[in-house]
Every structure is written in structure tokens, then in C-alpha cells.
K.L.:
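Dropping the structure in here first, questions after.
In the text below, chain A, chain B and the rest are named by the order of the sequence lines, each starting its count at 1.
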There are 2 protein chains.
Amino acid sequence: MAPEVGIAEVARAAGVSVSTVSQVLSGNRPVSEATRRKVTAAIENLDYRPHPGARSLRSRRTESIALLVPDITNPFYPLVAVGMQDILMPAGYLLSVVDAGSQTGSGHLLRHVLERRFDGVALHADGLSENDRRRITDSQTRVVALGSDIEIEGSDYVESDDVGGFATVVAHLLSTGRRAIGFIAGEEVADPTKLRVRGFREAFAAAGLSVAESDIVFTSFTREGGHAGVEALYARRTDWDAIVCANDLIAIGAMESLRGRGIRIPDDVAVSGYDDIEAAALVHPSLTTVENPAREIGRTAARLLLSRLSGDNADGPTQHITLATRLVVRESTASAPETRTKGMQ
Amino acid sequence: MAPEVGIAEVARAAGVSVSTVSQVLSGNRPVSEATRRKVTAAIENLDYRPHPGARSLRSRRTESIALLVPDITNPFYPLVAVGMQDILMPAGYLLSVVDAGSQTGSGHLLRHVLERRFDGVALHADGLSENDRRRITDSQTRVVALGSDIEIEGSDYVESDDVGGFATVVAHLLSTGRRAIGFIAGEEVADPTKLRVRGFREAFAAAGLSVAESDIVFTSFTREGGHAGVEALYARRTDWDAIVCANDLIAIGAMESLRGRGIRIPDDVAVSGYDDIEAAALVHPSLTTVENPAREIGRTAARLLLSRLSGDNADGPTQHITLATRLVVRESTASAPETRTKGMQ
DNA sequence: TTGAAAGCGATACCAG
DNA sequence: CTGGTATCGCTTTCAA
């Protein structure tokens, strides 16, 4: 409805050329204090707002960055978003969170996002096809990969120490005497799944124990995945004394199913999660888990992107940053009663 | 890194004019099947992607829509986002979720978002200053307001029936014999707060009871708000037999504080929330609450925006849509033991 | 320190 | 059904 004022009107009102107005806005070259004031006043009066399309057409920058997440309702990702905001907002960038959600793979949506010419994009590299990765490499868009060590040529990545974190929680269970430990993992092809499986094996190896393949079932990173996982595990055997889950949502679902079967937690079966989402402390019994530093991951990813964009470090060597995790012990893995250690194994 | 191919190269490769390529892309005018195929092939071969800046510069549309939320870590909003995606994705729009988060008011960020020239923006109207609202009216950007009946001239809005929903849960508590009912509300100035307070009063009025002002405390829509709210209520009196909360996060926080004081839920004090976030079913005791149809709100908002953008209904009268809510009774408000009704009031 | 003018890459109008 | 071309609103180079 507004008469849509352009840079020309501003120039006229201020009695200067459009170039000068542009320079005042960008600060790309010195402008005398007097003209700067005239221009700023005109901008204010006319409520002038530069057209971002026109701007990006010339400058090849959009001052906006996207976070492409597989599932925005998974509380882990909003925290990553907040971490990115911490860094990007002060730097004048707008962060857009895009949910890949229902999309089969992020392939189609990835194209969509790359087409938008965001200056930078943060995303999970796993689930990306060879094709997608090349598309990223070919595009102008700076990318930082999250939580995965998949290589995208020329892209930095930041991950948390999934292998170590998962090994820690498994070691914790072993140390409390649990031995019949089932593992409900996420999608088998997902990168976090592979890392957490690795951690699982490492913990067993470190304790001099071996893992039966049938102790691991693959589902999805959701509550429903937890339900399915419990069914699958109990179809194989029924004497589990611990179930470790690839994330908190799975664990919460698993606890629901266990309760449905009349199994007591942690007395009969200990349960652990991963991520330490808010709900982990709220469920009953409260859930032992591993803190996945989501917000810090976001901050780090944002810093990496900015350092690439601002030129200082535009062409430095690829960086791989690993953030530490922390075991959070709660009620769901309280030590087994004395009686159990006798009966088992 | 790619040699950045433009529409001209595509035209050359296909042996047609740039206009024709453009028409094939937009479908704005008939194109013969033969040329369409040539053009599509050229686009594919060259991996051509139109520059959105250039495009929006001429067409004045960006094919993207923003959802501006006050706190992306509040699980209510991701659900709204998913609902919007349901509708927008098939229509070819990209949805960007922008977190106002730490921003004081959404004022500054609102400007930022309006400057980006999204085709449409969904946001909460409360918390907007008179100035902000006029800015919206003046801008080209179509806006739909969420969960609030604040008028933005020319903008549609969609809300859930907060007044009715809240009255229902309060009526439920009254019907189980609770009379000393405290209310932990959100920020006093927030619009949802006002509506829920109204529902609170209505339920009392309908039962022929009156509300003491001191029964209502204002905090914030977070778990910490719940903690603070309990402290504030118990500073006034200590014989509460029910506490209703303006949302689930507050309720969860309140339950934590009550437990800290050795108060049993629901035996001593019943607690209720609002929104029915996932955690409400997971906490112990599980939380009685009101389902706030977040996803449906998102869908409705998206439909409203699209109907405005696609021209059919571009200038129809302003629409106000109210969605029904649903009471979800769980453990936290189980009927008071026989003994209590004798002792109270 | 400032101005003039040449594009950036698409769309949309005007012809044919 | 197709082509030519002015134009969107800005940034950037070139001159002064």
C-alpha cells in the first residue's frame, strides 16, 4: 500500500546522488559527516528500505543464512537454531530455519534451498546423496555440516563426540552390573546411528565383552521408534536388563512400551537416552542420557560460516570441530538390586 | 565455483529466446510441447537455477513465507511450522522460521523480516506496538496474525478458542470440588494471558463464584515462570487445592516447585496446563491440559496467506478464524480424596 | 569526497 | 505461439 520508495527518491530528498546514498548504507567508502546526516534523515523520513532482491542481484550476497533440519519438532534442532542466532543476529544476518520434514531425503528441498542463494547453509550431511554433495560443492553457497563426519568437499563440519559419548553411557551401564544390554538405534543409514553403534561396540570391547548382532535393532529417531524397538528386542529374547537408545525420544517411547509390558524401570531394566532434551528430566523415572551440546553446536557452526563469508578465512583449510559431551546420570539407570546380579548371565 | 549459468545461456542452448525460457519456467503463457521439451532439456543439462533476486526484482514476489515466533524452543511453534509446511510446500513456497528470541519485543526483528520482502508473514500480533502494526499495514507484505484478536488493519487472523478452552479446564477443576484455585499466568501484557484470564473468570462466574485478584500471579511462559509462580502464590496463602497454569511449561515448572515443597499432586493440589505439548503426557503425574491445535493453526494460517497471495481472494474482507480446543484430562487433576472437601473453605 | 552510468538476471509488455 | 526490449532497484566501476 505504501508508495514504495526507492533509492532515487532518497537521493533526491537528500540532494545527493544515488551512489552516495548507497555508500552511506554500505559504508563502503568515506562519506562526509554532513551528507551522511542528510541522507540518514531522508531515509528515516521516507521510511526507505532497500530491496533485497535488487541488492543481492548486484552484490551477490543476501545477508541471510539457512539452517536445514530433518525434523523441526525434534527439540534438538531448535536449540541449534538458537545457538546460531546467538552469533548471526549481532552480525546482521537473518537466520531461517527450514524443515525438511516429510521430504524424502533432503534432496528436493536441498535444491530449493540452494536456489534461494542463502549466503550460507548449515545442515546434516548424512542422508545426502553423492549427487547432493556435488551440488553443494558446485554451488556458490557456503555450507557447514552438522553432527557428521561425512566429507563435503571444501565444507567445514562441527559434530559432537557421538562415539565417545555413547561409549560413556554404555560403560556406565556395564559398571552397574548390567550385561544383557539391548540397543535401539535410529535409521540404519543415518550417520549418527553409525557413530553411536561404534560407541556401543567400543564400550563392550573396552570391557573385554563381545556384542551379539541381534542385540541391536534399527528403527527411527522418534517415540514410535522406541515402541517398535522394544517389540523387536523382546521378539528376540526377554531377559534384557538394560536398553540403551540412540536418542531421548526413542528412550521415552521405549519406557512407555516397557511399562506397558509390566516391566519396572530401573529395577528390571535400565534405560538410557541421548541428547538430554528438556523432556529427559521430566519423564518418570527421569532419564539417564548424554548431553549433546546443541546450542554450542549452533554457535560453532555459525562462527565457521561467518569466518568463511567475511573473507578473513574464506579459503583456509577445511575445519573439523568436535565438541565434547557429558554423561547425565538420572533415575532410569539406578543400580540393579543385589538379587539381579546373581540371577543373570 | 560453477560458471554460474543464466537464462541467456539456456535460451541459446535451446535455440529459443529468453522470453520463451521464462515462460516455460513460469507457465504464464502457452508454449508448444516441442519447445518446452527443448528448454527443459537445456535447463537440466546446464543445471540452470534462476536467480531469486533478479526474479523478485521484476515479479515482486519471492515465493517464500516467514513464520516469526517469539521462542522457537517452545514446542508449540515448531508444530505451527509443520502445519504451515503441510500447505506451503505443495504450493511451491519455502517456509522460513525466524526466532525473535532474545529480541526485546519483536520490533527490531520485525523490520528486518519485512525488509526481506517475504510474500507473507505469520506472527503473533500481541507484543506489537502501534508503530509495528502500522509498519505492517504500510508494507507490501501480507500478514496473518496468530493466536490473538489484536487487529492489524487488513490482516486476517487465526486463533484457538483460548477463552473457552481455559474456562473448560477451570470448570473441570471446580466440578471435582476444588475451590482454592490459584492461577499462574504468563506475561501480563501478552494477549494469550488476557484471554486465558478471561476464561478463568468466566468459569468462576458460570459457577456463581467470585475470583480474588490475589489468586492470579503473572510470570512468564516458561518452566522458570512456573517456579516463580508457585513462590508468589504461596507467599499469599498456603491452602491452595488447585493451581491452573497458562501453559504446559509453566505447569511443569510449578509441579517441580510443589514437589520441592513436599506437596502431593493431585492429592494435595491439582495442577493443569494448556497447549498439550508432548511433554505433558510424559511428566509424572501426567498433566491435565487443553489441546491447542497448533498444527491446524499453522495449516489455517498458511491457507489464509495463500488465498490472499493467489489473487482469488486478494481483497476480500478480513477473516477471523477461531479453532476449537479440547480438554485432556490426565492424572494431575484426579479427584480430590473424600477427606479434603470437608476441610476446605 | 562525490556523481554518472553501466550492468546484475530475470519478467512482462508490446509486437509479430 | 514466439521474439525483442524496457525495466525492476540497487551496487560498483570509472571519472571527476
K.L.:
What integer distance in Å separates Arg37(B):CZ from dT2(D):P?
P.N.:
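Distance check: Arg37(B) CZ to dT2(D) P gives 12 Å.
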
K.L.:
For Glu296(A), does its backbone N or O pair with a side-chain atom of Thr300(A) as donor and acceptor, under 3.5 Å?
P.N.:
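Yes: the side chain of Thr300(A) pairs with the backbone of Glu296(A).
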
K.L.:
Between Arg29(B) and Gly6(A), who's closer to the 5' end of DNA chain D by nearest nucleotide?
P.N.:
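Nearest nucleotide further toward 5': that of Arg29(B).
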
K.L.:
Answer yes or no: is there a side-chain heavy-atom contact under 4.5 Å between Leu57(A) and His51(B)?
P.N.:
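They are in contact (side-chain heavy atoms under 4.5 Å apart), so the answer is yes.
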
K.L.:
Can you measure Arg55(A) atom CZ to dC10(D) atom P for me and round it to whole angstrom units?
P.N.:
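Result: 8 Å.
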
K.L.:
What nucleotide, of dA6(D), dC1(D), dC10(D), holds the atom closest to the side chain of Tyr48(A)?
P.N.:
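Selected nucleotide (nearest to the side chain): dC10(D).
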
K.L.:
In whole angstrom, give the distance that lies between atom CD1 of Ile7(B) and atom P of dG4(D).
P.N.:
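In whole Å, dG4(D) P lies 13 Å from Ile7(B) CD1.
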
K.L.:
For a quick test of reading the model: is some side-chain N or O of Thr35(B) closer than 4.0 Å to OP1 or OP2 of dT2(D)?
P.N.:
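Yes, Thr35(B) has a side-chain N/O under 4.0 Å of OP1/OP2 on dT2(D).
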
K.L.:
Can you see which heavy atom on Gln319(B) is nearest to which on Asp156(B), and at what distance?
P.N.:
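Closest approach of Gln319(B) to Asp156(B), heavy atoms only: N-OD1, 2.7 Å.
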
K.L.:
Say whether Thr73(B) and Asp71(B), considering side chains only, have a donor N or O and an acceptor N or O under 3.5 Å apart.
P.N.:
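Yes, side-chain donor-acceptor contact under 3.5 Å.
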
K.L.:
To the nearest Å, how far apart are Asn28(A) CG and dT11(D) C1'?
P.N.:
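About 9 Å, once rounded to whole Å.
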
K.L.:
Applying ring-ring contact (aromatic ring centres under 6.0 Å, His included), which residue pairs with at least one partner in residues 71-92 of chain A are found, sequence neighbours left out?
P.N.:
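Output for this query lists Tyr77(A)-His124(A).
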
K.L.:
Any N or O donor-acceptor pair linking the side chain of Arg58(B) to the base of dT7(D) at under 3.5 Å?
P.N.:
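Indeed, a donor on one side and an acceptor on the other fall under 3.5 Å apart.
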
K.L.:
Any chance the side chains of Ser32(B) and Thr35(B) put a donor and an acceptor closer than 3.5 Å?
P.N.:
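Yes, because at least one side-chain N or O of Ser32(B) sits under 3.5 Å from a partner of the opposite role on Thr35(B).
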
K.L.:
Do Leu304(A) and Ile321(A) come within less than 4.5 Å of each other through their side chains, counting heavy atoms only?
P.N.:
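Contact flag for Leu304(A)/Ile321(A) side chains = yes.
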
K.L.:
Heavy-atom contacts under 4.0 Å between residues 14-27 of chain A and DNA chain D, which residues?
P.N.:
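Those residues are Ser19(A), Ser22(A), Gln23(A).
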
K.L.:
Any idea which heavy atoms bring His112(B) and Tyr93(A) closest together, and the distance?
P.N.:
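That would be NE2-C, 4.5 Å.
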
K.L.:
If you compare every side-chain N and O of Arg60(B) against the phosphate oxygens of dG9(D) (OP1, OP2), does one of them come in below 4.0 Å?
P.N.:
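For Arg60(B), the contact criterion (side-chain N or O under 4.0 Å from OP1 or OP2 of dG9(D)) is met.
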
K.L.:
What integer distance in Å separates Leu46(A):CG from dG9(D):P?
P.N.:
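Nearest whole value for this atom pair: 15 Å.
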
K.L.:
Look up atom CG in Leu114(A) and atom CZ in Arg49(B), then write down how far apart they are to the nearest 0.5 Å.
P.N.:
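Leu114(A) atom CG to Arg49(B) atom CZ measures 6.0 Å (nearest 0.5 Å).
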
K.L.:
Going 5' to 3' along DNA chain C, between which two nucleotides do contacts with chain A fall, using a heavy-atom cut-off of 4.0 Å?
P.N.:
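Answer, 5' to 3': dT1(C) to dG9(C).
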
